[in-house]
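Everything on this sheet refers to the single structure shown next.
Atoms considered below: every heavy atom in the structure, side chains included; atoms not considered: hydrogens, waters and symmetry mates.
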Amino acid sequence: MKRSQLAAQLFTLREFLKTPADVAKTLPKVREIGYETIQVSGMGPIDEAELAKIAADCGLTICATHEAGARICDETDAVIERLKKLNCRYTAYPYPHLPIDSKAAVIDLAGKINDAAVAMAKEGITLSYHNHALEFGRVDGELVLDLIYKNAPDLAAEIDTFWIQTGGQNPVDWIRRFPGKQPLLHLKEYGIIGRERKMFAVGSGNLNWKEIIAAGTECAVEYFIVEQDDCNGLDPFDELRSSFNYIAENFFD
């Protein structure tokens with residue numbers, strides 16, 4: 001993995017990104033840790049031009065965003081325009097904005113997402129799907145996530161390792177399902193505290209990162225994106241640093 005391929009998902013730092021002033025203070029700290037690349041998500045209102053300038057001024061590349069699911073499907077042109085302003089080629093559908101409690105509902109949602117993916121592709125933008133654990137429920141005997149991908153052939157993948165594991169599946173197996181069709185991969189550590197599943201800094205939990213990174217590399221992942229939704233009361237900047245240091249020590253070329 002090249003250093004430029006390792007990104008920080010800004011959702012991890014959402015409490016420090018509520019205003020443009022917060023963004024201007026936080027992004028240099030991300031760069032100081034060592035990250036050269038970020039995924040935009042979870043921040044408060046900020047003009048795209050201002051965000052792009054803050055990132056560029058501290059040496060950060062915006063590799064991707066997350067956009068609201070309803071906006072992706074219902075305001076696709078606006079999302080495309082936003083991505084162009086950020087000079088960004090990748091975004092992801094983050095969470096089902098419609099029910100997925102029946103096969104018909106899942107197929108309907110997949111069709112809407114696929115329509116957005118087709119429209120974005122015409123403008124040079126790739127739309128990926130970011131999974132959680134709920135997509136590993138079954139409708140009529142089929143996994144929801146399988147149904148989504150079957151019925152959205154133009155949709156790329158953004159596998160999230162923690163949620164794959166939480167859903168009772170193997171992250172490596174799912175990464176290998178999408179050779180050449182997953183520009184983004186979320187590196188999210190899985191571990192246990194007492195009886196609860198928890199997120200940790202990468203390298204301090206139970207996932208097999210050697211196999212995960214190898215599978216991602218084999219399948220042409222372009223950006224490996226560190227995310228930690230919950231830092232268990234620890235400083236999220238310290239957690240991002242711990243993840244960066246572990247990955248740099250073990251997987252940088």
Co-membership, hydrophobic cluster, residues [X] and [Y], 4.5 Å side-chain:
X      : Y      : answer
Phe200 : Ile247 : no
Trp163 : Val144 : yes
Leu83  : Val118 : no
Leu240 : Leu184 : no
Leu17  : Ile62  : yes

Say whether, by atom type as modelled, one donor and one acceptor occur between the side chain of [X] and the main chain of [Y] under 3.5 angstrom.
X      : Y      : result
Arg82  : Val79  : no
Ser242 : Asp238 : no
Asp253 : Met1   : yes
Thr12  : Ala8   : no
Glu189 : Met199 : no
Glu196 : Ile193 : no
Asp22  : Lys18  : yes

For residues [X] and [Y], report the shortest heavy-atom separation together with the two atoms involved.
X      : Y      : value
Ile54  : Pro20  : CD1-O, 4.2 Å
Pro171 : Leu207 : CG-CD2, 4.5 Å
Leu185 : Ile159 : CD1-O, 3.4 Å
Ala55  : Ile38  : CB-CD1, 4.4 Å
Ala117 : Asp154 : CB-O, 3.6 Å
Leu109 : Pro96  : CD2-CB, 4.0 Å

Mark yes or no: Arg241 above the aromatic ring of Phe244, with NZ or CZ under 6.0 Å from the six-membered ring centre and no more than 45 degrees from the axis.
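No, cation not above the ring by the 6.0 Å, 45° rule.
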
Any side-chain donor near an acceptor of the partner, Tyr93 and Glu67, under 3.5 Å:
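No, no side-chain donor-acceptor contact under 3.5 Å.
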
Say whether Gln39 and Glu158, considering side chains only, have a donor N or O and an acceptor N or O under 3.5 Å apart.
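Result is yes, a qualifying pair exists.
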
With salt bridge (Lys or Arg N to Asp or Glu O under 4.0 Å) as the criterion, how do Arg177 and Asp146 come out once you've worked through the C-alpha distance, each side chain's angles and the decisive distance to 0.1 Å?
CA-CA 11 Å; Arg177 290 189 185 202; Asp146 277 333; 2.7 Å; yes

Separation between [atom1] of [X] and [atom2] of [Y], rounded to the nearest 0.5 Å:
X      : Y      : atom1 : atom2 : result
Ile212 : Asn208 : CD1   : CG    : 6.5 Å
Thr61  : Glu36  : OG1   : CD    : 7.5 Å
Arg14  : Thr26  : CZ    : OG1   : 13.0 Å
Thr161 : Ile225 : OG1   : CD1   : 11.5 Å
Thr37  : Tyr223 : OG1   : OH    : 6.0 Å
Thr91  : His66  : OG1   : NE2   : 7.0 Å

Salt bridge (Lys or Arg N to Asp or Glu O under 4.0 Å) between Lys150 and Glu142: does it pass, once the steps are laid out?
CA-CA 11 Å; Lys150 283 180 186 178; Glu142 294 190 66; 2.9 Å; yes

Let me see the working for Lys188 and Asp229 under salt bridge (Lys or Arg N to Asp or Glu O under 4.0 Å), right down to the final yes or no.
CA-CA 9 Å; Lys188 189 180 294 179; Asp229 306 3; 3.0 Å; yes

Any side-chain heavy-atom pair of [X] and [Y] under 4.5 Å:
X      : Y      : value
Gln169 : Phe136 : yes
Tyr90  : Ile125 : no
Ile192 : Lys198 : no
Phe16  : Lys29  : no
Leu187 : Glu227 : no
Cys73  : His97  : yes
Asn114 : Pro153 : yes
Lys85  : Leu51  : no

Could you go through His186 and His130, starting from their C-alpha distance and side-chain angles, then the distance that decides it, and tell me whether this counts as side chain to side chain donor-acceptor pair (under 3.5 Å)?
CA-CA 9 Å; His186 272 192; His130 174 264; 3.3 Å; yes

For Lys84, is there an ion pair with Glu48 - N to carboxylate O distance below 4.0 angstrom?
no

side-chain contact (heavy atoms from CB on, under 4.5 Å) between Gln182 and Cys219, intermediate numbers included
CA-CA 8 Å; Gln182 50 180 328; Cys219 293; 3.4 Å; yes

Just checking Phe224 against Trp209, ring centres under 6.0 Å apart?
no

Can Val226 and Tyr35 be said to form a side-chain contact (heavy atoms from CB on, under 4.5 Å), step by step?
CA-CA 10 Å; Val226 172; Tyr35 293 95; 3.9 Å; yes

Anything under 30° is parallel, anything over 60° is perpendicular, the rest tilted; go ahead and classify Tyr149 against Tyr129.
perpendicular

Whether His132 and Tyr95 hold their rings parallel, tilted or perpendicular, with breakpoints at 30° and 60°
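Taking Tyr95 first and then His132, their aromatic rings stand perpendicular (interplane angle over 60°).
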
List the steps and the verdict of side-chain contact (heavy atoms from CB on, under 4.5 Å) for Asn151 and Val106.
CA-CA 9 Å; Asn151 291 279; Val106 174; 6.0 Å; no

Could you walk me through whether Asp108 and Lys112 pass salt bridge (Lys or Arg N to Asp or Glu O under 4.0 Å), step by step?
CA-CA 6 Å; Asp108 179 65; Lys112 289 179 169 61; 2.8 Å; yes

According to salt bridge (Lys or Arg N to Asp or Glu O under 4.0 Å), who are the partners of Lys53, at least two apart in sequence or on a separate chain?
Asp57

Any residue meeting salt bridge (Lys or Arg N to Asp or Glu O under 4.0 Å) with Arg197, in chain and number order, not counting sequence neighbours
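Testing Arg197 for salt bridge (Lys or Arg N to Asp or Glu O under 4.0 Å), a comparison that skips the adjacent residues, returns none.
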
Hey, is CG on Asn232 packed in by over 12 heavy atoms from elsewhere, all under 6.0 Å?
yes

Under the side-chain contact (heavy atoms from CB on, under 4.5 Å) rule, what do Cys88 and Thr65 come out as? Steps first, then yes or no, please.
CA-CA 8 Å; Cys88 179; Thr65 74; 4.3 Å; yes

